[in-house]
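Proteins get letters first, then strands, A, B, ... in listed order; numbering begins at 1 in each.
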2 protein chains.
Amino acid sequence: MSTHHYYQLQGYFRELIELKTLKSGSKLPSEREIGEQFKLTRVTVRQALQNLEAEGLIYRQNRKGWFVTPPAVVYNPSSHLSFNLYVTEQGFVPHTEKLMQQIEPANAYIAQLMNIPEHAPVLYLHRRRYINQRPVLIEKMYINTRLLPGIEKEDLTQSLSQLLKNNYQREYRDMDLVFKSTSLPSSAADDLGISAGQPGLHIERINYTADKQVLEVDYEFWRHDAVTINIAIRD
Amino acid sequence: MSTHHYYQLQGYFRELIELKTLKSGSKLPSEREIGEQFKLTRVTVRQALQNLEAEGLIYRQNRKGWFVTPPAVVYNPSSHLSFNLYVTEQGFVPHTEKLMQQIEPANAYIAQLMNIPEHAPVLYLHRRRYINQRPVLIEKMYINTRLLPGIEKEDLTQSLSQLLKNNYQREYRDMDLVFKSTSLPSSAADDLGISAGQPGLHIERINYTADKQVLEVDYEFWRHDAVTINIAIRD
DNA sequence: CAGTGGTCTAGACCACCAC
DNA sequence: TGGTGGTCTAGACCACTGG
């Protein structure tokens, strides 16, 4: 079938990765080195690498080089497990970094969802989350401070679901989820240290309390290769 | 921020598309023409176009050119609506084509799920689905013929959920869903008439009957720009 | 058959990274 | 400071599309 050069090169690396000759997380040779070995120009080498990136087998860190993608974590929103818990359970090491936090006036959309006046204060929280030292997820969220007074004074790098349970006797229940496969917006790409325009997974999540009030509105931007979504629907 | 040539070109087309100067489904000028207009080489023009493709704003059809992406359809698996229904409801025109159909022996995975002996016959069905004449989805499914005897003699371009309801008094109930953002496998890309390696959305779905038997195992490959997933989780 | 997108060559310069 | 990835030029040939 296709005997294009980039296609053969993809096959070459795919095999090395599947056989674990190239181990998860390890660095590929430089583009020039690969080109020399296969007598190809960098343009062709890069096409192959970019296709493998779209496939999720390799990824790049800004100007550092190409690396073999580690296994994806399985994210099951309906399990109500926190990021820290499900990442740990699957044998990875989670880490969370707070990039920004501020009280700000709710925009029309958020205000309507939370049933509060427009411009009423909400807590905006911006976090970066890691799996095994690799930044995989940018989170931007709006938290209903009326239901969670004083939450802005807590340590907001911790699991919010734990915090809600321990300090407010509240738990996540119902959720509305929207998934869209699209490229990362440049702000999120910058935060993840990758070049803009890379494929990504965008999730919008609305969390409700048991009595149907909106606790939190969440925007998540995942590296597309870092996560698999798993949902069980039981009526 | 970035003043790279491809970046500016992306901004140019993004604006035309957002202002609807370039309407949904319309064709962009040829790559050479764009290059001439902006004094750029084709390599640079193509980088901009490929980024816009990752963003989901434009798409290409094999060797035919670049087109403005129509709005995505919203797919809500928990609503149990058939493809034909939800596509129609959202103002689009659905169409289904049967590519292949055959009775074949179940592999180990399918057999275990369906609780039937390995190599027992199952119905394999391979379909292509369109929205407004545009092929957006490849479906490969394994159907439990024990629960649905004679189904292979029906018209299998129609909605399976309708067929189940009308002829077998069965309905889809519980489902297990797995989503993964990855590039399209070359077989699916060929079926969709796009070049391999394009980003895509892969869905695996297991459909259960009310009494927890596996009716059907479904593998779906979507154009990544054609669909938004929407799920409500209610415990 | 003219023009298109798909593939590829052989260079170049730059900003940034690791040493 | 040498080497890397990111960007870009100026060509080329091919397979295929559409008139």
Side-chain angles (χ1 to χ4, degrees), chain A residues 1-13 26-54 58-69 133-135 183-184 186 189-190 192-199, chain B residues 1-13 26-54 58-69 133-135 183-184 186 189-190 192-199:
Chain A
M1 76 127 276
S2 175
T3 57
H4 297 302
H5 294 158
Y6 73 89
Y7 191 84
Q8 297 184 3
L9 194 52
Q10 282 170 237
Y12 173 77
F13 281 114
S26 63
K27 191 175 181 308
L28 270 59
S30 79
E31 297 173 357
R32 287 173 177 84
E33 220 170 307
I34 296 169
E36 204 168 321
Q37 186 184 343
F38 290 88
K39 308 231 177 291
L40 296 172
T41 55
R42 268 182 76 210
V43 177
T44 308
V45 172
R46 279 172 72 80
Q47 168 154 17
L49 296 177
Q50 279 163 21
N51 285 353
L52 290 168
E53 182 185 40
I58 64 177
Y59 71 101
R60 51 184 141 171
Q61 277 174 337
N62 260 346
R63 297 179 178 282
K64 295 214 185 99
W66 296 88
F67 301 84
V68 178
T69 307
Q133 332 276 2
R134 178 185 178 222
S183 63
L184 293 170
S186 56
D190 286 349
L192 289 172
I194 59 189
S195 49
Q198 297 314 311
Chain B
M1 167 42 265
S2 173
T3 57
H4 296 303
H5 294 159
Y6 72 88
Y7 190 84
Q8 296 184 4
L9 194 53
Q10 282 170 237
Y12 172 77
F13 281 114
S26 63
K27 191 174 181 306
L28 269 59
S30 79
E31 297 173 357
R32 287 173 178 84
E33 219 170 308
I34 297 170
E36 204 168 321
Q37 185 183 342
F38 290 88
K39 308 229 176 293
L40 296 172
T41 54
R42 268 183 76 209
V43 177
T44 307
V45 172
R46 279 172 70 81
Q47 169 155 17
L49 295 177
Q50 278 163 22
N51 285 352
L52 290 168
E53 181 184 40
I58 63 176
Y59 71 100
R60 51 184 141 172
Q61 276 175 337
N62 258 348
R63 294 178 181 282
K64 296 212 184 97
W66 297 87
F67 301 85
V68 178
T69 307
Q133 331 277 1
R134 179 185 177 221
S183 62
L184 293 169
S186 56
D190 286 349
L192 289 173
I194 59 188
S195 50
Q198 297 313 311

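Regarding contacts with the backbone of C:dT7, a side-chain N or O of A:Tyr6 is found under 4.0 angstrom from either OP1 or OP2. For the pair A:Thr44 and C:dT9, the criterion of a side-chain N or O lying under 4.0 Å from OP1 or OP2 is met. The phosphate of C:dG3 has neither OP1 nor OP2 within less than 4.0 Å of any side-chain N or O from B:Ser30.
Atoms CG (A:Leu49) and P (D:dT4) sit 14 Å apart, rounded to a whole Å. Here the P atom of nucleotide D:dC8 and the NZ atom of B:Lys39 are 17 Å apart, to the nearest Å. For A:Gln50 and D:dG5, the CD to P distance is 12 Å, given to the nearest whole Å. Atom CG in B:Leu40 sits about 16 Å away from atom C1' in C:dA12, given to the nearest Å. Distance A:Arg32 CZ to C:dA10 C1': 13 Å, rounded to the nearest Å. We find that OH of B:Tyr7 is positioned 17 Å from P of D:dG6, with the value rounded to whole Å.
Listed by first residue number, the stems of DNA chain C with at least three Watson-Crick or G-U pairs below 3.5 Å are C:1-18 with D:1-18.
Among D:dT9, C:dT9, D:dG5, the nucleotide with an atom closest to any side-chain atom of A:Glu31 is D:dG5.
Every residue two or more places apart in sequence or in another chain was checked for a ring-ring contact (aromatic ring centres under 6.0 Å, His included) with A:Phe13, and none qualifies. Shown here are the salt bridge (charged side-chain N to carboxylate O under 4.0 Å, His left out) partners of A:Arg32, two or more places apart in sequence or in another chain: there are none. In this structure, A:Glu36 has no side chain to side chain contact (heavy atoms under 4.5 Å, CB included) partners at least two apart in sequence or on a different chain. Residues passing the salt bridge (charged side-chain N to carboxylate O under 4.0 Å, His left out) test with A:Glu31 are A:Arg42, A:Arg46, sequence neighbours excluded.
The minimum heavy-atom distance between A:Ile194 and A:Asn62, with the atom names listed, is C-OD1, 3.8 Å.
Side chain A:Arg46 to base D:dG6: no donor-acceptor pair is found below 3.5 Å.
Relative to the six-membered ring of B:Phe67, B:Arg134 misses at least one condition, a distance below 6.0 Å or an angle of at most 45° to the axis.
Within a heavy-atom distance below 4.0 Å of DNA chain D, the residues of residues 58-67 of chain B found are B:Arg63, B:Lys64.
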